[in-house]
Amino acid sequence: MPKVGIVMGSDSDLKVMGKAADMLEKLGIDYEMTIISAHRMPDTFFNWAKAAEGKGIKVIIAGAGMAAHLPGMCAALFPMPVVGVPMSGKNLEGMDALYSIVQMPPGIPVATVAIDGGMNAAILAAKILATSDETILEKLKDYSAKMQATVQEKAAKLEKIGYKAYLENC
Ligand code: RP5
């Protein structure tokens, strides 16, 4: 049963949203992933968002670019958290989508991550699920510990060989 629904407005969003899927897989979280444009196929979108709760989905990650209404409309229809991912897109470098997704009216929040922040969207979704799932919580703690160790290794290497040699080896 999918715990997370990943939805995006176009296949042009797939490179970014694929990073969300990769991270959910790394954390062992079941998900379903689809492309539905709120603008180009509104009826299909409505049916998908209304059916999500019944499929066991607890968090939706919605990515969209340009006049990005998909995450906000998910939040209007789905009663649990929605994480929005603004796409950098073609013309306004994602500022259009960022403003569109983050500026929700009172009562309909979307937890908006950075432009093209697919990976962080998955981590945030996992953290939401971890409030009631010990297995996911332990996986997140393990992920954080590994991240910390990686940075510590880099610091130790820099201190050992100096910044010039470090840059040459990058
Ligand atoms: C949005 O329009 C999509 O999320 C996508 O980011 C953007 C452009 O879509 P395409 O023209 O690439 O299909 O709805």
Side-chain angles (χ1 to χ4, degrees), residues 1-133 136 139-140 143-144 147 150:
M1 221 167 167
K3 283 200 167 81
V4 177
I6 301 178
V7 63
M8 67 206 88
S10 168
D11 63 346
S12 59
D13 305 327
L14 195 50
K15 209 170 161 194
V16 169
M17 298 306 279
K19 290 180 185 165
D22 288 346
M23 182 51 70
L24 291 178
E25 281 175 26
K26 200 178 274 185
L27 295 169
I29 298 170
D30 284 345
Y31 64 90
E32 68 163 54
M33 189 182 209
T34 191
I35 300 165
I36 304 175
S37 168
H39 294 126
R40 293 165 176 158
M41 45 204 292
D43 294 334
T44 305
F45 166 72
F46 183 88
N47 290 336
W48 183 85
K50 289 297 278 183
E53 181 186 359
K55 286 189 280 189
I57 289 172
K58 305 291 182 207
V59 185
I60 288 176
I61 300 174
M66 303 179 80
H69 292 113
L70 184 71
M73 285 308 296
C74 282
L77 293 164
F78 179 69
M80 285 172 277
V82 175
V83 181
V85 187
M87 299 294 146
S88 53
K90 295 158 192 166
N91 300 317
L92 299 175
E93 297 176 341
M95 295 305 285
D96 45 358
L98 174 64
Y99 286 161
S100 176
I101 295 172
V102 81
Q103 289 291 357
M104 289 296 293
I108 322 282
V110 170
T112 309
V113 296
I115 294 169
D116 292 341
M119 190 182 86
N120 264 3
I123 295 172
L124 184 53
K127 289 190 173 209
I128 291 165
L129 295 172
T131 57
S132 62
D133 187 317
I136 297 173
K139 290 207 166 149
L140 281 167
Y143 173 76
S144 293
M147 202 164 46
T150 303

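In what follows, residues are counted from 1 in the order of the sequence shown. In each ligand, atom 1 is the first atom listed, and ligand 1 is the first ligand listed.
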- [ ] Please state whether H39 comes within less than 4.0 angstrom of ligand 1, counting heavy atoms only.
- [x] no
Open item on the list: I need the atoms of ligand 1 closer than 4.0 Å to a non-hydrogen atom of A64, numbered in the order shown.
Closed with: 4 (O)
Task: Closest protein heavy atom (residue, atom, distance) for atom 10 (P) of ligand 1 - done: S10 OG, 3.4 Å
Task: Straight-line distance of I115 CD1 to I101 CD1, nearest 0.5 Å - done: 9.5 Å
Open item on the list: Students should be able to answer this: which protein heavy-atom is nearest to atom 7 (C) of ligand 1, and at what distance?
Closed with: M66 SD, 3.9 Å
Open item on the list: Test your reading of the structure: does G63 have an N or O sitting under 3.5 Å from an N or O of ligand 1?
Closed with: no
Task: Taking atom 3 (C) of ligand 1 as the reference point, the nearest protein heavy atom with its distance - done: D13 OD2, 3.4 Å
Task: CZ on F78 to CD1 on I57, rounded to 0.5 Å - done: 6.5 Å
Open item on the list: Distance check, rounded to the nearest 0.5 Å: I6 atom CD1 versus E32 atom CD?
Closed with: 9.5 Å
Open item on the list: If I take atom CE from residue M33 and atom CG from residue L14, how far apart are they, to the nearest 0.5 angstrom?
Closed with: 5.0 Å
- [ ] Mind checking the CG-CE spacing from D11 to M17? Nearest 0.5 Å is all I need.
- [x] 13.0 Å
TODO: Heavy-atom contacts with S12 under 4.0 Å: which atoms of ligand 1 show up? List them by number with element.
DONE: 5 (C), 9 (O), 10 (P), 12 (O)
TODO: Have a look at G9, A97, G65, P86 and point out the one with the heavy atom closest to atom 1 (C) of ligand 1.
DONE: G65
- [ ] Measure the spacing between CG of L70 and OG of S10 and express it to the nearest 0.5 Å.
- [x] 11.0 Å
Task: Any N/O pair S37/ligand 1 closer than 3.5 Å - done: no
Open item on the list: Below 4.0 Å, non-hydrogen atoms only: which portion of R40 touches ligand 1? Side chain, backbone, both or neither.
Closed with: side chain
Task: Non-hydrogen atoms of V102 and T112 that approach each other most closely - done: CA-OG1, 3.4 Å
